[in-house]
Amino acid sequence: MYENMNEMQMQAVCQTQGPVLILAGAGSGKTRVLTHRAAYLIEEKGVSPYHIMAITFTNKAAGEMRDRIDQIVGLGSESIWVTTFHATCVRFLRRFADRIGYDTRFTIYDADDQKQLMKDICKRLSIDTKNFSERMFLNAISHAKDELIDEVTYQTHAQGDFKKQKIGEVYAEYQKMLRKNNAFDFDDLIMKTVELFRKDAEVLQGYQERFRYIMVDEYQDTNTAQFTLIQLLASKYGNLCVVGDDDQSIYKFRGANIRNILNFEHYFPDAAVIKLEQNYRSTQNILNAANAVISNNVGRKAKSLWTDNPSGAPVEFRQFYTASDEAAYIVEDIKEKVKSGGYVYQDCAILYRTNAQSRLFEERFIVSNIPYKIVGGINFYARKEIKDLLAYLKTIDNAKDDLAVRRILNVPKRGIGATTMAKVQEYALDHDISFYYALRGASEIPSLGRAAAKIQPFVTFIQTMRSKVGEISLSDLLSEIIESTGYIKELELEGSEEAQSRIENIEELQGKLRTYEQNEEQPTLSGFLEEVALVADVDKLDDKSDYVTLMTLHSAKGLEFPNVYLAGMEDGLFPSYMSITSDNAKEEVEEERRLAYVGITRAKENLTLTCAKQRMVHGKTQYNRLSRFVEEIPAEYLQSKFPSAQTQKEHKRQSPNLKQKALEQFRAKPAVTVLSKPSSGGEKADLGYDAGDLVEHRKFGKGTVVKIIPGGRDFEVTVQFEQAGVKKMFAGFAKLKRVQE
DNA sequence: TTAAGTTAAGTTTTT
DNA sequence: CTTAACTTAA
């Protein structure tokens with residue numbers, strides 16, 4: 001079983017006692033190490049599978065780990081606890097949430113629900129959302145929760161800071177509403193579990209006793225709350241094995257605390273540290289490119305990834321005039337690779353920074369009749385029709401979930417509008433009852449008048465359905481909801497293509513519910529809703545049929561493909577505009593660079609980087625310079641190909657130190673000729689400078705042009721000044737002058 | 001009072 | 001380009 005493993009991997013497997021930090025570079029076989037470690041614990045150390053826990057971030061990773069553990073371990077493997085952080089916490093809370101004053105039959109709020117709730121709160125507290133957006137509040141609250149700061153603590157630390165005080169106020173109200181709706185948001189799941197463990201020694205000890213060997217995957221992405229959770233669980237036996245790669249930490253925006261991995265040895269002084277540095281996945285060229293890029297980051301753990309693999313084809317770089325050209329090329333290239341390169345569609349993946357980029361590819365794939373699958377984007381369960389039907393199920397399941405009730409009260413149209421809704425809400429608030437409870441007593445609400453009669457049938461319907469729970473199967477229940485509300489019928493009547501796809505989605509939901517019923521020994525409504533709440537789309541990648549995969553770089557972590565295309569390699573897109581212009585741009589660009597590293601290291605055999613000079617973003621044409629990450633790859637590993645055959649020849653066979661010059665030369669030939677075509681509104685050449693050029697402003701001094709957006713008769717130019725920071729200005733007024741570097 | 005029709009604003013990444 | 005907020009007609 002262990003004969004194919006290298007020395008370091010073997011060491012990682014056998015180091016079973018005490019804290020262990022495994023620094024596993026990309027493609028170094030960390031999943032293999034983890035799965036074999038589980039097998040080793042059971043077979044060589046006689047540990048009961050019941051005492052082993054493996055924790056990951058995504059359901060997809062958990063599923064994969066589950067499969068591979070099952071294969072290797074065989075009998076008894078099902079007792080090993082393999083899940084995500086969030087799923088783990090839900091299981092804990094379902095059992096013990098009542099010990100910290102919650103109902104164990106809580107619902108879980110997704111981003112949409114949170115936003116809705118926050119909107120209500122801002123309205124009620126009469127907050128001017130022009131100054132403080134709902135989003136800002138939610139972000140602040142989420143960050144606080146990642147750091148285990150509850151609303152009370154937050155408020156005590158907010159003294160003297162107006163904005164923080166406001167946030168504290170909203171935070172407190174938000175928590176109050178969640179509790180009232182008997183709901184947790186995603187961050188609560190972790191934070192409240194920690195609270196449970198801290199408050200209830202009995203519960204904690206129970207789980208400590210159970211999970212004697214804990215393994216954490218993608219450890220670099222843990223936030224403070226998750227770290228604390230793990231620490232609490234492991235603090236009795238101390239057998240904590242974490243696997244991660246600081247170079248692949250890409251979830252800082254979600255609170256990931258990179259110090260967790262950098263300071264692991266500080267938290268656990270007796271920790272064994274094992275480095276896995278041999279890459280089994282990629283060719284040398286790809287790996288060299290990745291190493292070159294990531295070496296521009298400071299503050300990394302020292303490590304040098306190497307491989308025995310052949311050097312392989314050089315990394316390809318291509319620039320196009322427009323984003324559609326880019327898409328067309330990639331799709332054609334995939335077609336070609338499948339036709340004569342001996343690959344199948346499954347071997348190909350297109351990775352991009354933002355979900356919005358997927359559309360162009362999608363259009364192209366449809367035209368070319370190539371099967372494709374887009375991962376992520378709008379989560380299946382976030383779709384209108386699905387959320388509507390789920391809201392019915394939630395209402396039937398948990399009468400306290402106001403959000404769900406309000407969502408469906410007028411879906412389908414029952415003639416109940418905002419005014420009626422507001423009156424019921426007010427009544428519920430005044431009498432301190434749930435929204436649904438107020439609806440049940442609608443006739444008692446004086447202000448409603450005739451509107452009360454419209455509510456009655458809805459209440460009757462929900463009550464009827466409730467009485468049927470447990471008597472009929474869940475899928476029958478759903479069918480009855482669809483039938484009674486006429487949901488599908490209404491869509492059929494609409495007859496549009498969009499309506500058709502909605503119907504298909506609903507059918508898929510019915511299918512999922514049936515699958516759930518078959519797989520579960522004791523299917524319950526709550527159980528299904530919970531499963532649904534924790535599932536992101538990334539998870540349902542199945543490998544039965546052949547298709548090209550499209551996804552964001554974030555979603556791609558942990559995956560690998562023979563042929564990878566990194567699209568949209570442009571400054572302003574990747575690294576994102578947000579990161580470049582941020583106050584601490586340095587740090588944020590480093591995170592983007594890690595993301596680039598993750599992207600590059602997904603490729604096993606062929607890697608193609610592409611970018612476009614001209615791209616539509618939010619309905620506006622934008623001109624970006626090529627990504628700095630491309631420039632960071634030494635020319636010896638890179639083969640640059642350009643739209644014209646001439647330039648292509650010029651760039652072959654360059655020595656590495658010519659790299660910079662070559663790229664400059666290449667940039668110095670902007671697509672002016674193309675862009676000045678009257679078609680695309682680009683009277684561009686007039687400005688005398690282009691994105692990426694160094695310019696001078698008479699007040700702000702020197703700076704680099706980040707972005708140029710044509711608008712009306714003028715251009716909006718964004719410039720990153722060396723001294724003055726980032727400024728947006730109109731070209732007509734700014735009188736920018738190009739200067740030589 | 002509701003619902004359709006029109007106009008304005010915002011936009012990274014995700015469990 | 002999409003989604004949310006406004007206006008106006010029924």
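These numbers were taken from a predicted model, which means no experiment stands behind them. Chain letters run A, B, ... following the sequence lines, proteins first and then strands; every chain starts at 1. Below, all heavy atoms of this structure are taken into account, side chains as well, without hydrogens, waters or symmetry copies.
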Return yes if a side-chain donor-acceptor contact under 3.5 Å exists between [X] and [Y], otherwise no.
| X | Y | answer |
| --- | --- | --- |
| A/Thr56 | A/Thr84 | no |
| A/Gln114 | A/Gln116 | no |
| A/Tyr372 | A/Glu362 | yes |
| A/Gln614 | A/Thr322 | no |

Does A/Thr552 place a side-chain N or O at less than 4.0 Å from the phosphate oxygens OP1/OP2 of B/dT12?
no

Looking only at side-chain N and O atoms, does A/Arg615 come under 4.0 Å of OP1 or OP2 in C/dC1?
no

Please report the distance, rounded to the nearest Å, between [atom1] in [X] and [atom2] in [N].
| X | N | atom1 | atom2 | value |
| --- | --- | --- | --- | --- |
| A/Lys423 | B/dT2 | NZ | P | 8 Å |
| A/Leu138 | B/dT15 | CG | C1' | 15 Å |
| A/Glu591 | B/dT13 | CD | C1' | 9 Å |
| A/Arg359 | B/dT11 | CZ | P | 19 Å |
| A/Glu588 | B/dT13 | CD | P | 14 Å |
| A/Phe186 | B/dT15 | CZ | C1' | 5 Å |
| A/Glu530 | B/dT15 | CD | C1' | 14 Å |
| A/Glu531 | B/dT15 | CD | P | 15 Å |

Should A/Tyr207 and A/Phe92 be marked as a ring-ring contact (aromatic ring centres under 6.0 Å, His included) after you check the CA-CA gap, both sets of side-chain angles, and the distance that decides it?
CA-CA 9 Å; A/Tyr207 284 122; A/Phe92 293 166; 4.0 Å; yes

Cation-pi check for A/Phe629 against A/Arg593: NZ or CZ below 6.0 Å from the six-membered ring centre and within 45 degrees of the axis, yes or no?
no

Identify whether NZ of Lys or CZ of Arg in A/Arg414 sits under 6.0 Å from the centre of the six-membered ring of A/Phe458 and within 45° of that ring's axis.
no

B/dG10 pairs with, by Watson-Crick or G-U criteria that keep both distances under 3.5 Å
C/dC1

Could you check whether A/Asn410 gets within reach of a base, just the sugar-phosphate, or nothing at all, counting any heavy atom under 4.0 Å?
sugar-phosphate

Test side chain to side chain contact (heavy atoms under 4.5 Å, CB included) applied to A/Lys145 and A/Asp185, A/Leu189, A/Asp150, A/Asn223, the passing residue
A/Asp185

Just compare B/dT12, B/dT2, B/dT14 and give me whichever is closest to any side-chain atom of A/Ser555.
B/dT14

Whether each nucleotide of nucleotides 5-10 of chain C has a protein heavy atom under 4.0 Å at its base (B), only at its sugar-phosphate (S) or at neither (-) is summarised, 5' to 3', as S-----

P-based separation of B/dT13 from C/dA4 [nearest Å]
16 Å

Residues from residues 244-258 of chain A sitting under 4.0 Å of DNA chain B, heavy atoms only?
A/Tyr251, A/Phe253, A/Arg254

